[in-house]
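The analysis underlying the following values was restricted to heavy atoms, covering all of them including side chains, and did not include hydrogens, waters or symmetry mates. None of the values given here were measured: they were computed from a predicted structure.
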There are 2 protein chains.
Amino acid sequence: MTRSLDRLTLLETFVRIAERGSISAAARDLGLSQASASRQLADLEERLGTQLIIRSTHHLSLTKAGERCLGDARLMLAEWEGFAEGFAGDADRIAGPLKIVAPVALGQTVALDCAMAFQAAHPDIVLDWIVDDAPIRFSEVGCDLWLRVGAVPDETLIVQPLAKVQRIVVAASGLAGSVDGDPQALTALPCAALHPFEGGRLPLTGPSGEATNLDARVTFASNSIAATKRVAIAGGGYAVLPRWMVAEELEAGTLIEPLPGWRAPPLTIHAAFAPARRQTRRLRLFIDAMREALAGLA
Amino acid sequence: MTRSLDRLTLLETFVRIAERGSISAAARDLGLSQASASRQLADLEERLGTQLIIRSTHHLSLTKAGERCLGDARLMLAEWEGFAEGFAGDADRIAGPLKIVAPVALGQTVALDCAMAFQAAHPDIVLDWIVDDAPIRFSEVGCDLWLRVGAVPDETLIVQPLAKVQRIVVAASGLAGSVDGDPQALTALPCAALHPFEGGRLPLTGPSGEATNLDARVTFASNSIAATKRVAIAGGGYAVLPRWMVAEELEAGTLIEPLPGWRAPPLTIHAAFAPARRQTRRLRLFIDAMREALAGLA
DNA sequence: TCGCGTCATACGTTAAACGTATAGCAAATT
DNA sequence: AATTTGCTATACGTTTAACGTATGACGCGA
């Protein structure tokens, strides 16, 4: 009987090497010698009959086969973990890493509060919290959960809606004081537009369900919602922003709602994660907690 | 760094033990000593933190956890195999076991011919060919492919249609010689019905698309299509049978078609197999070959 | 040029998986 | 009832391969 080191351990080592871009760094992370890590990678390559990583002394890169292997390896490792977790005697212990990418605005406010509360409730969870509004390459980042406002541009992922975000038109009173509830008056004003949700057209729904689609004179465009909000506060243009995000400014009068009762199309916050037949309990619980926390944004 | 024997190897050993119901028999199959097999099972139980198999000297049985583990273990092993196969350098070599359950009639004729041709083309394939008309418990049998006429009563499986089977009314001429193309005349004759496809009602479609639904006087019922055919030949009743299955008898005059041009509802032959993100190449190729072979039955 | 960090590999050491042997048990056979 | 057969678990010495240390070749930056 030929013995073999654990194939799943070989995959773990490979994934860590790919993520760190260095055999030595991965070895340190995993508590191995550099020589062992190097040999395990070679062992995996031999088993699969193909080269996965192109080596050089200062730069490792994945082959095409290595890229495919990375995605599959992660899934198989996640499946083992979900599987083994399903038998664990200690059903109450929630532990292990969670790497999460969240949008900047939510990731520094509501979602972050939720994540901190989750960690306080489960102290053995290790959170890796990344805020980023840009679309990520999920398979490269190696995260467990991607919180995303709007569409998730990756059809390989499982995408679940968590909450809808109510959006309204807001502006500084000096800019929009004369609008007086008339949507058409907006077309004369500058617009601070948020990529990729707003462009030259602005669909709105009124208090009685009436619809209109305004031309927007975009004078400022950004993919940063924080920047868009700041421009609106400074009077540089009206903006379409989530109500939760401008509640304080509306209360303080720093911003007004020039079209009371009118709504821009709501956006959906999605949870996106890799398909595996069993998700780890900590991920499932985290998603549930996040769904509950975001429910108040509607 | 603690070394560990391959977790996937532990799963393989467990699956074989469960299938054979004996640690010793599994050890012989796998080329291990009985002691090693016993230890590997104990090792897996220790890793998962739960007992999987209840031991006795003459009868092993799975615990509840063991039953769940069996299904998941098979899937994870299949996923590794599909994964590793995707990297194999020798893309042309088709090898390994295929365990297939087929309906009795097809499994002794057309489908068997196809399977034998497939094996002749790929001699390294090991076929385990089981004919059985009864519904199987897929997860217990541990087969790769279930060929099934009609519905597949297991929603956990991937089910793909392979072919439609054209069915006609046939009878011995001594019984049905006076029917003379009139469907209603059938209601006076005894019917040999095949479970679960025929009962007291017989829907038929005529040559011009006209539909009728006859009362069937069932005097013989069986779940065996071969028995039903035999009764028809012997003049014990008319039967609804696939055209492919009675072609010779029609040619020889042993059976006649009392309602030329009329059809019973066709049945679909399905291929059912376990979901895995990657199917082994041999299974994919086999299913393709079977689909092609059965295409002539319509 | 020098120093540092990288990866691959040789070599002796280590850890764990191996098979053989044995004991206890249950069922079938004589 | 006694014997035979086949089962599983475990002790023990053996075997195997994975381990870490050491070293050489290489590339990059100061």
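Nucleic acid contact class of A/R20 (heavy atoms, under 4.0 Å, all strands): none.
Listed candidates were C/dC7, C/dT20, D/dT8. Nearest to the side chain of B/S33 is C/dT20. Set against C/dC18, D/dA18, C/dC7, the side chain of B/L5 has C/dC18 as its closest nucleotide. The side chain of B/A35 lies closest to C/dT20 when the candidates are D/dC7, C/dT20, D/dA9.
If you take CG on B/L70 and CG on B/L62, they are separated by 6.0 Å, rounding to the nearest 0.5 Å.
Put simply, B/S56 has no side-chain N or O that comes within less than 4.0 Å of OP1 or OP2 on C/dA26. Checking the phosphate oxygens (OP1, OP2) of D/dT10, no side-chain nitrogen or oxygen of B/R39 falls inside 4.0 Å. Contact check, B/Q40 against C/dC18: a side-chain N or O comes under 4.0 Å of OP1 or OP2. Between A/R28 and C/dT6 there is a side-chain N or O to OP1 or OP2 distance below 4.0 Å.
Considering only residues two or more places apart in sequence or on other chains, B/D29 meets the salt bridge (charged side-chain N to carboxylate O under 4.0 Å, His left out) condition with B/R16, B/R20.
Closest approach of B/T280 to B/G82, counting heavy atoms only: CG2-N, 4.4 Å. The nearest pair of heavy atoms linking B/A37 to B/I17 is O-CD1, 4.2 Å.
If you measure from atom CZ of A/R47 to atom C1' of D/dA18, you get 13 Å, rounded to the nearest angstrom. Rounded to whole Å, the distance from CD1 on A/I17 to P on C/dC7 is 8 Å. Across the protein-nucleic acid pair, B/D43 atom CG and C/dC18 atom P stand 9 Å apart, rounded to whole Å. The interatomic distance linking A/E46 (CD) with C/dT9 (P) rounds to 12 Å, in whole Å. If you measure from atom NE2 of B/H59 to atom C1' of D/dC7, you get 13 Å, rounded to the nearest angstrom. In this entry the distance linking CD of B/E45 with P of D/dT10 reads 11 Å, nearest Å. A/Q34 has its CD atom 13 Å from the C1' atom of D/dA25, to the nearest Å. Regarding A/L44, its CG atom lies at a distance of 16 Å from the C1' atom of D/dA18, rounded to whole Å.
Map A/S36 and B/S24 each onto its nearest nucleotide of DNA chain D; the residue landing nearer the 5' end is B/S24.
Between the side chain of A/T63 and the main chain of A/Q51, a donor-acceptor pair closer than 3.5 Å is present.
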